[in-house]
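Everything on this sheet refers to the single structure shown next.
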Amino acid sequence: MNKFEIGKEYFSRSICNYDCIFTIKITGRTAKTVSYEYMGDSRRSKIRVDDSGEYIQPDRYSMAPVFRAEREVQPEEDPAAEESAAPAPVAENAAPSKVVTISQPADDGSVIVMIGQSVERNCGACFPLEMGTVVGFVDIPDGVVLRGGVFALVRWGYNPDRPERVRLSDIHRRGWRSANGSPLGVFVR
């Protein structure tokens, strides 16, 4: 039977969006409960068991993610490291590089995003427009489970202490519409 183990990460895919993946990291457990970090918060849930093994459901709503012990995040294996047995030469006393190269598409439908730029998020009629500021960028490599890419770190007005990652390809010019005509999304101001 699959069981949760301390120190390991587990994932669950969103029911609505296959590319949306939730992860938890187990920090402790007892026979009946498990403690974990989920979306930046420390939580605890009762362990449930079925034919596949242990599972937990942190939230109680119809499409809430379910984390199963069989869905462990696997560490990435570097195929280049396996091919070359000789270690790469290392310069002694070399300062680490702080240059990050981020390429953005330059077609006529693209937008250039910069640090300090104001953005707004339109989530629909029942939600007010959210204003934010781009505070940085992060380039995440593709993983075994999670899709990587270049993300802008946006500090939204409702939660200024926790910047949120927004994929650069999801930030659009004002007035942009999706293929089906939806005006929802993140836009530069």
Side-chain angles (χ1 to χ4, degrees), residues 1-82 119-171 178 182 184-186:
M1 177 170 69
N2 296 313
K3 292 189 171 199
F4 290 109
E5 296 179 31
I6 297 173
K8 294 195 175 181
E9 290 188 51
Y10 300 89
F11 72 94
S12 178
R13 291 190 183 273
S14 171
I15 294 173
C16 303
N17 181 357
Y18 183 80
D19 292 330
C20 180
I21 298 174
F22 302 99
T23 60
I24 61 169
K25 183 173 184 177
I26 305 298
T27 57
R29 73 166 286 151
T30 65
K32 295 182 179 183
T33 63
V34 64
S35 299
Y36 54 92
E37 291 177 6
Y38 176 56
M39 299 182 86
D41 297 327
S42 295
R43 298 176 81 176
R44 185 175 59 169
S45 292
K46 180 180 177 184
I47 297 174
R48 302 179 188 277
V49 180
D50 64 5
D51 295 338
S52 301
E54 294 181 342
Y55 71 94
I56 60 170
Q57 187 175 8
D59 299 311
R60 300 281 182 244
Y61 57 91
S62 62
M63 295 187 181
V66 176
F67 294 95
R68 296 189 169 275
E70 64 186 11
R71 294 189 201 137
E72 181 181 342
V73 175
Q74 300 297 322
E76 276 189 56
E77 294 181 13
D78 188 13
E82 295 174 1
V119 293
E120 68 181 18
R121 178 166 45 191
N122 182 355
C123 294
C126 295
F127 301 96
L129 287 178
E130 298 170 346
M131 303 302 171
T133 305
V134 176
V135 295
F137 296 96
V138 62
D139 189 0
I140 299 175
D142 284 335
V144 175
V145 176
L146 303 174
R147 188 178 72 157
V150 179
F151 295 85
L153 296 174
V154 178
R155 183 170 291 149
W156 298 105
Y158 69 90
N159 194 359
D161 298 333
R162 281 178 57 186
E164 181 181 321
R165 291 189 308 205
V166 177
R167 190 175 297 277
L168 278 184
S169 60
D170 292 342
I171 300 176
S178 67
S182 173
L184 305 180
V186 178

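Values below: all heavy atoms of this structure, side chains included; hydrogens, waters and symmetry mates excluded. Here, residue 1 is the first one in the sequence, and each next residue gets the next number.
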> Are any non-hydrogen side-chain atoms of Ile47 and Lys3 less than 4.5 angstrom apart?
Replying inline: no
>> For a quick test of reading the model, state the closest non-hydrogen atom pair linking Leu153 to Pro163 and the distance between them.
In response: CB-CB, 4.3 Å
> Does Val34 reach the side chain of Arg44, with side-chain heavy atoms less than 4.5 Å apart?
Replying inline: no
>> Which heavy atom of Met1 sits nearest to which heavy atom of Val49, and what is that distance?
In response: SD-CG1, 3.5 Å
>> Looking at Thr133, is its backbone amide N or carbonyl O close enough to the side chain of Arg155 to form a donor-acceptor pair, meaning the two atoms are under 3.5 Å apart?
In response: no
>> Do Glu5 and Ile26 have side chains that approach each other closer than 4.5 Å (heavy atoms only, starting at C-beta)?
In response: no
> To the nearest 0.5 Å, how far apart are CE in Met131 and OH in Tyr158?
Replying inline: 13.5 Å
>> Keeping Arg29 on the side-chain end and Tyr36 on the backbone end, is there a donor-acceptor pair under 3.5 Å?
In response: no
> Should Arg68 and Asn2 count as side-chain neighbours, where that means a heavy-atom distance under 4.5 Å?
Replying inline: no
> Looking at side-chain heavy atoms only, is the closest gap between Asp142 and Arg147 below 4.5 Å?
Replying inline: yes
> Hey, what do you get for CE (Met39) to CZ (Phe22), rounding to the nearest 0.5 Å?
Replying inline: 6.0 Å
>> With rounding to the nearest 0.5 angstrom, report the CZ to CD distance, Phe151 to Glu164.
In response: 11.0 Å
>> Check Arg43 with Asp59, please: is the shortest side-chain N to carboxylate O separation under 4.0 Å?
In response: yes
>> Which heavy atom of Cys123 sits nearest to which heavy atom of Glu130, and what is that distance?
In response: SG-OE1, 4.4 Å
> Considering only heavy atoms from C-beta outward, does the side chain of Val119 approach that of Val166 to under 4.5 Å?
Replying inline: no
>> Counting C-beta onward and ignoring hydrogens, is there a side-chain heavy-atom pair between Tyr10 and Ser12 closer than 4.5 Å?
In response: no
>> Measuring only between side-chain heavy atoms, which start at C-beta, is Tyr38 closer than 4.5 Å to Ser45?
In response: no
>> Would the distance check show the side chain of Arg48 and the main-chain N or O of Gln57 forming a donor-acceptor pair, the cut-off being under 3.5 Å?
In response: no
>> If I compare all heavy atoms of Ile171 with all of Ala152, which pair ends up nearest, and what's the gap?
In response: CD1-CB, 4.0 Å
>> Please enumerate all residues that pass side chain to side chain donor-acceptor pair (under 3.5 Å) together with Lys25, with sequence neighbours excluded.
In response: none
>> Would the distance check show the side chain of Ser35 and the main-chain N or O of Thr27 forming a donor-acceptor pair, the cut-off being under 3.5 Å?
In response: no
